[in-house]
Amino acid sequence: MEIIILPTADDVARTAADAIEEQVRRGPSVLGLATGSTPLGTYQELIGRHRTGGLSFAQAQAFLLDEYVGLPAAYPQSYHSVIRDEFTISVDFAPDAVHGLDGMAEDPEAEAARYEGLIAAAGGVDIQILGIGTDGHVGFNEPMSSLGSRTRIKTLTRQTRQDNARFFDSADDVPDHVLTQGLGTIREARHLLLLAMGEAKAEAIAAAVEGPVAAICPASALQLHPHVSVLVDEAAASRLAHREYYTDTFGRKPAWQGL
Ligand code: GLP
C-alpha cells in the first residue's frame, strides 16, 4: 500500500483525478466508480478536465460498485442516478458504457452473476475509486464480509443506514438491502484508489491501513492487493501511527514512478 497524505481534500481530488486521467489517456479503459460524498471532488475535477483539457471518456467503460435493492434506477437516490447526475452525464461516455447493478432485479443472485460476467467480459477494471465507511466498509461490504466475497446481496448495518440518511428523508427510508461487488471482486481491479477525507474517517483508515487484515474491517482486505494508493487528507490521516514515514517516502518518490 502506498499511503499519500495530502494537505487538503482538494489535493486528494486532484491527485485521484491525475491517476484516472493518466489511465484514460493511455487508451480504452475500464473505470470503477464509487458513490458517496468522498469522490465528488474527483468527479468535479475530471469534468473540468473534460471541458477545458480535452480529456475524453469516449473510449472508456465504467462499473459502479453497488446499488440499493428496491430503488428503481430512476429514483434520485439510486446510485445509478447519483453517478449519472454527479459525473457521467457531464462527460462523454458512450451510451451504455456505464454499468450498474439492477436494484429491482427479481433474482438478485442472477443479477450479481450477470454483473460479474460483464466485468470479466470488459477485461476487468483498470482503476477503481473507493471511499470508506466509518465502520471500514468498502462498496457495501459491511464488517464480517468475507475477504474473498463476490458480488451479492448484503444487509446494511444501522450505522451505515444512519450515515447515508442524509441523502434520504430519514434513516428509515434508507433501504435495508443492497447489491455490492464483493471484496474479492474489488481486489481484482488492477489499481485501487482508496480516498478519505475528514476526521470522521480517521479511525477507519487507521484500522484499514495499519490494523490486521480482518473481516471486522473490510477495507483491511486491500492490504492483500499489490497496487493500492491510499489518498487521505491530514484529518483522515490523523490516527495513523506511521504518518511521518508515509510523508517522507512520498516526498522522496521519483517523479517517473507515478501512482
Ligand atoms: C456508501 C457507499 C460507499 C462509500 C461510503 C462512504 O456506503 N456504498 O461506496 O464509500 O458510503 O460514503 P461517503 O463518501 O459519503 O462518506
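Order of appearance sets the numbers: ligands from 1, and atoms from 1 within every ligand. This structure is a prediction, so every number in the text was calculated from the model and none was measured.
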Item to complete: Using a strict 4.0 Å threshold on nitrogen-to-oxygen distance, state whether R49 and D18 make a salt bridge.
Response: yes
Worksheet item: Is any side-chain heavy atom of V178 closer than 4.5 Å to a side-chain heavy atom of D66?
Response: no
Worksheet item: Looking only at heavy atoms, which two atoms of Q61 and A122 are closest? And how far apart?
Response: NE2-CB, 3.7 Å
Discussion item. Strictly below 4.0 Å, N to O, side chains only: are E109 and R150 in salt-bridge contact?
Written reply: no
Worksheet item: Any chance the side chains of S238 and E199 put a donor and an acceptor closer than 3.5 Å?
Response: yes
May I have every N or O pair linking ligand 1 to the protein at under 3.5 Å, one per line with atom names and distance?
| residue | atom | partner | partner atom | Å |
| --- | --- | --- | --- | --- |
| ligand 1 | 7 (O) | H137 | NE2 | 2.8 |
| ligand 1 | 7 (O) | N164 | ND2 | 3.4 |
| ligand 1 | 8 (N) | D66 | OD2 | 2.8 |
| ligand 1 | 8 (N) | G139 | O | 3.1 |
| ligand 1 | 10 (O) | I132 | N | 3.4 |
| ligand 1 | 14 (O) | S37 | N | 3.2 |
| ligand 1 | 14 (O) | T38 | N | 2.9 |
| ligand 1 | 14 (O) | T38 | OG1 | 2.5 |
| ligand 1 | 15 (O) | S37 | N | 2.7 |
| ligand 1 | 15 (O) | S37 | OG | 3.1 |
| ligand 1 | 15 (O) | R166 | NH2 | 2.7 |
| ligand 1 | 16 (O) | K201 | NZ | 2.6 |

Practice prompt. Using distance alone, with no hydrogens and no angle criterion, decide if T42 and R14 have a side-chain donor and acceptor under 3.5 Å apart.
Written response: no
